[in-house]
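Just so we're on the same page: letters track the sequence lines, and every chain starts at 1. The shown structure was predicted, so the numbers you read here are calculated from the model rather than taken from an experiment.
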2 protein chains.
Amino acid sequence: MSRFLSLAEARSVRPNGWLDTIIKGDCVAALDALPDQSVDVIFADPPYNLQLGGTLHRPDQSLVDAVDDEWDQFASFEAYDAFTRAWLLACRRVLKPNGTIWVIGSYHNIFRVGATLQDLNFWILNDVVWRKTNPMPNFKGRRFQNAHETMIWASRDPKAKGYTFNYDAMKAANDDVQMRSDWLFPICSGGERLKDADGKKIHPTQKPEALLARVIMASTKPGDIVLDPFFGSGTTGAVAKRLGRHFVGIEREQDYIDAALARIDAVEPLGKQTLTVLSGKKAEPRVAFNTLIESGLIAPGTVLTDARRRYSAIVRADGTLASGSDAGSIHRLGAKVQGLDACNGWTFWHYADGKELKPIDALRAVVRSDMAKLD
Amino acid sequence: MSRFLSLAEARSVRPNGWLDTIIKGDCVAALDALPDQSVDVIFADPPYNLQLGGTLHRPDQSLVDAVDDEWDQFASFEAYDAFTRAWLLACRRVLKPNGTIWVIGSYHNIFRVGATLQDLNFWILNDVVWRKTNPMPNFKGRRFQNAHETMIWASRDPKAKGYTFNYDAMKAANDDVQMRSDWLFPICSGGERLKDADGKKIHPTQKPEALLARVIMASTKPGDIVLDPFFGSGTTGAVAKRLGRHFVGIEREQDYIDAALARIDAVEPLGKQTLTVLSGKKAEPRVAFNTLIESGLIAPGTVLTDARRRYSAIVRADGTLASGSDAGSIHRLGAKVQGLDACNGWTFWHYADGKELKPIDALRAVVRSDMAKLD
DNA sequence: GTACCTCTTGAATCATATA
DNA sequence: GTATATGATTCAAGAGGTA
């Protein structure tokens, strides 16, 4: 059975008695209860300090369930920085000399976290981008869709060269090319998302196990100790156990601890490491028409026609087409000129290649073959 | 002919005489020579403070041509922070109140830049990841392949809501889905890369024009002023000119200035027609519901329903709707009958056209197209 | 079983013009 | 400055219901 320890217990248990447990309490106090240089890797998912204003509604008027928990509120950047500095310093002491730390965040907090890491003499090895396959849209159309989060991976010390990085495993898992710093994963939803009896999500920001699996497979060895100072629903612990690593979690909220303990108990460790890697080879990557312009395959001002030259349109620099007083995407304008509701602009619009007309889809194929090497 | 100005000239030229020029000199001093609130967008590619220790060789023992220029050297994080603070403050004064700034960097410097932006009360709108199709591999196999750089897009002020974001154009250019925060582009190479007579690259970190094109198309209007305080080889200027925007560059090194001037001279601006930016409903003129009644498109007494005929209302002669004992504007009543606090009456309410239900928005479109013929 | 449709939801710094 | 009225705005998945 999994268990959790009070701060006093964490301090007094026999050496390593805190392995594979959750320590209940404030993050810094709990870290202070652990011995020097005792963990191999830290994965930290601290509060993001979102600073949300009012409420936000979707276009269908439904309310967005925002992260408004008390633990995500800070009075100022200074307060957030002081908090960050305190827990990172405590982490530093607990890390083995060749240990590394991962911190995940968004643009709200990650820059402050990164600067603090550098100030405390951690040495950044990579920043890794988690690209979400299914991020929440920007409902008001005022910004780019916020489709990623950032992880910083850093060693405890600039001179430490002995940190674990399973380069060959990563490369083998990635079609025999180096694992890049941009990773593609879905957000945590469906059956993986922990819910209470009423179907309400237990934790507002549960991370996907696939993300933690890659982190752990990349930067730890079997039997290593992975500490998570903001344990939440216990994703780090569940994945560590499954992958044959030890975990230590720190968490304040009893509700999260209860959920995490039950979750981890249900995990069956893998006999053999059979980490499945999500190859980003989805059906076909989406290519923006804009990309053809940006990559010089088609110039703004080019005239496109349909296959029989009945309709024509001019390519604008913003990636839209214009025809007479109408304008829009390749699809919208294709539909418009034909008086239809819908149209596949990729196959409808053609460009002149010598005397021949070719569909712009041919140019998309060029872009896709360049992209194919990536995902 | 393009030209460059000395600091003294930049200070003394007639108003806007510094448009489409390169100012030679230190970045902060040159910014100080420009008027308050005079530029729309800033794109900055500051020194990355790479701090490479020693030299790096590829597996075949060839030497990696690293960025080791004098301008990329800083004694400490403190020195880099002071530098960052100084040029960002100078940028802040020069930006229009609704202006925005883009800064690009890597994990070496972007966290310090981001934190400083926040400290100076810039308001981060997005962090945007440039995913490189063809990044340099990690030669030692000790880290993930560093396959991206990060751009921060921020408004001058947290309360400034009037910044330019061409949402509809970005969406139309992206297969009619929102543009995401992760962008895929090749690094600058081949014919685009500026080289000297010996074939040596002129600038170590020349950015691809495609990247700048998306930045400028997303966040400026034709005729806007784009300032680049670290002009280098002039990518920002070349793309701004091509896209019908004004540029101002600041650069210290005469070699870079010479290369940039020649490069920009060779750029042919696109025609006005191709530069028109697609704008959505937000930019359409307002039409009062009353206008539909006055122009005879809908008669008082007409019964409107929602798309599924769950709710109905009657059109009154004063341009309001009534339903039972409730009455109000098309929006208020739409909200009221659904028990919501907001509703777009134009798309909610439908009228019967034969057997079919059509949104009253279709009638608004008729009014708008009639209005368009007038001007 | 399957195909199709509807509804829900996810770390979000998310409007603007006029009075 | 504030208050009010207009009316613009979403992508991918999964769950569950219906034909």
Side-chain angles (χ1 to χ4, degrees), chain A residues 45-69 71-74 77 104-110 130 132-150 186-193 195 199-201 203-208 230 232 282 286, chain B residues 118 122-127 154-155 158-163 165 167-168 171 174-181 279-289 308 319-320 328-332 334-335 340-349 360-361 364:
Chain A
D45 182 10
Y48 285 13
N49 187 24
L50 287 187
Q51 312 175 74
L52 300 178
T55 56
L56 180 66
H57 290 87
R58 298 187 179 83
D60 66 2
Q61 302 300 329
S62 64
L63 183 67
V64 174
D65 183 18
V67 176
D68 55 359
D69 303 73
W71 49 254
D72 198 48
Q73 312 292 321
F74 291 84
F77 285 132
I104 185 168
S106 67
Y107 65 84
H108 308 84
N109 70 323
I110 198 65
W130 167 30
K132 303 179 183 184
T133 58
N134 49 349
M136 192 184 292
N138 182 287
F139 295 116
K140 303 294 186 186
R142 295 296 294 142
R143 306 177 177 198
F144 299 99
Q145 183 182 29
N146 190 10
H148 74 276
E149 294 187 24
T150 301
I187 60 176
C188 181
S189 66
E192 188 184 324
R193 189 88 194 209
K195 307 224 168 82
K200 223 167 63 74
K201 60 190 175 195
H203 193 281
T205 69
Q206 184 179 340
K207 295 295 177 287
F230 305 97
K282 306 210 304 174
R286 188 192 293 280
Chain B
Q118 291 178 315
F122 287 92
W123 193 245
I124 300 180
L125 298 168
N126 280 113
D127 59 336
S155 63
K159 291 178 295 276
K161 303 286 187 191
Y163 60 86
F165 177 54
Y167 173 79
D168 295 290
K171 181 173 171 176
N174 192 39
D175 252 22
D176 290 323
V177 291
Q178 297 191 334
M179 188 69 78
R180 296 168 45 112
S181 56
S279 56
K281 275 190 179 176
K282 282 174 185 162
E284 298 274 331
R286 289 209 175 184
V287 173
F289 179 62
R308 298 207 216 153
T320 59
S329 72
I330 54 173
H331 311 298
R332 290 279 103 237
L340 299 173
D341 48 352
C343 167
N344 182 342
W346 290 108
T347 51
F348 178 73
W349 293 111
I360 56 175
D361 205 23
R364 182 170 62 162

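- Taking atom CG of residue A:Leu50 and atom P of nucleotide C:dG10, one finds them 14 Å apart after rounding to whole Å.
- If you check distances only, the side chain of B:Gln178 never reaches the base of D:dT9 with a donor-acceptor pair under 3.5 Å.
- Put simply, B:Asn344 has a side-chain N or O that comes within less than 4.0 Å of OP1 or OP2 on D:dA8.
- As rounded to whole Å, 6 Å separates atom C1' of C:dA11 from atom CD of A:Glu149.
- For the pair B:Asp361 and B:Thr347, the tightest heavy-atom approach, listed with the atom from each and the gap, is OD2-CG2, 4.1 Å.
- A parallel orientation is assigned to the rings of A:Trp71 and A:His203, their planes being inclined by less than 30° (bins at 30° and 60°).
- Here A:Asp65 does not pair with A:Lys200 in a salt bridge; the nearest charged N to carboxylate O distance is not below 4.0 Å.
- Of the two residues contacting DNA chain D, namely B:Trp346 and B:Lys171, the nearest-nucleotide position lying further toward the 5' end is that of B:Trp346.
- Listed candidates were C:dA11, C:dT9, C:dG10. Nearest to the side chain of A:Ser62 is C:dT9.
- Nearest heavy atoms, A:Leu56 versus A:Lys140: CD1-CE, 3.7 Å.
- B:Arg332 places its CZ atom 12 Å from the P atom of D:dG7, with the value rounded to the nearest Å.
- For B:Lys281 and D:dA8, the NZ to P distance is 5 Å, given to the nearest whole Å.
- Contact record, A:Asn109 with A:Tyr48: CB-O, 3.3 Å, taken as the closest heavy-atom pair.
- B:Cys343 comes within 4.0 angstrom of a base, heavy atoms only.
- Between the CD atom of A:Gln206 and the P atom of C:dT9 there is a distance of 16 Å, rounded to whole Å.
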Protein-nucleic acid N or O pairs under 3.5 Å, nucleotides 14-19 of chain D:
none

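- Rounded to whole Å, atom P of D:dA5 lies 13 Å from atom CZ of B:Arg286.
- A donor-acceptor pair shorter than 3.5 Å cannot be found between the side chains of B:Ser329 and B:His331.
- For C:dA11, the base has a donor-acceptor partner in the side chain of A:Lys207 [N/O atoms by modelled type, under 3.5 angstrom].
- Between A:Arg142 and C:dT16 there is a side-chain polar atom (N or O) within less than 4.0 angstrom of OP1 or OP2.
- For D:dT10, the OP1/OP2 oxygens have a side-chain nitrogen or oxygen of B:Tyr167 closer than 4.0 Å.
- Taking side-chain N and O atoms only, A:Thr205 has no distance below 4.0 Å to OP1 or OP2 of C:dG10.
- Using a 4.0 Å heavy-atom distance criterion, A:Pro208 is classed as making no nucleic acid contact.
- Taking only side-chain nitrogens and oxygens, B:His331 never comes nearer than 4.0 Å to OP1 or OP2 of D:dT6.
- A close approach under 4.0 Å does not occur between any side-chain nitrogen or oxygen of A:Lys132 and OP1 or OP2 of D:dC11.
- Comparing the P positions of D:dA12 and C:dC14 gives a spacing of 22 Å, expressed to the nearest Å.
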(message) What verdict does the side chain to side chain contact (heavy atoms under 4.5 Å, CB included) test give for A:Leu63 and A:Thr55, after you've listed the backbone C-alpha separation in whole Å, the side-chain angles of each residue and the deciding distance to 0.1 Å?
(response) CA-CA 7 Å; A:Leu63 183 67; A:Thr55 56; 3.8 Å; yes
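- On a pure distance criterion of 3.5 Å, no polar donor-acceptor pair joins the side chain of B:Arg364 and the base of D:dG7.
- A:Lys201 places its NZ atom 9 Å from the P atom of C:dT9, with the value rounded to the nearest Å.
- Distance A:Asn146 CG to D:dC11 C1': 14 Å, rounded to the nearest Å.
- With pairs defined as Watson-Crick or G-U wobble and both atom distances under 3.5 Å, the stems of at least three pairs that touch DNA chain C come out as C:2-10 with D:11-19, C:15-19 with D:2-6.
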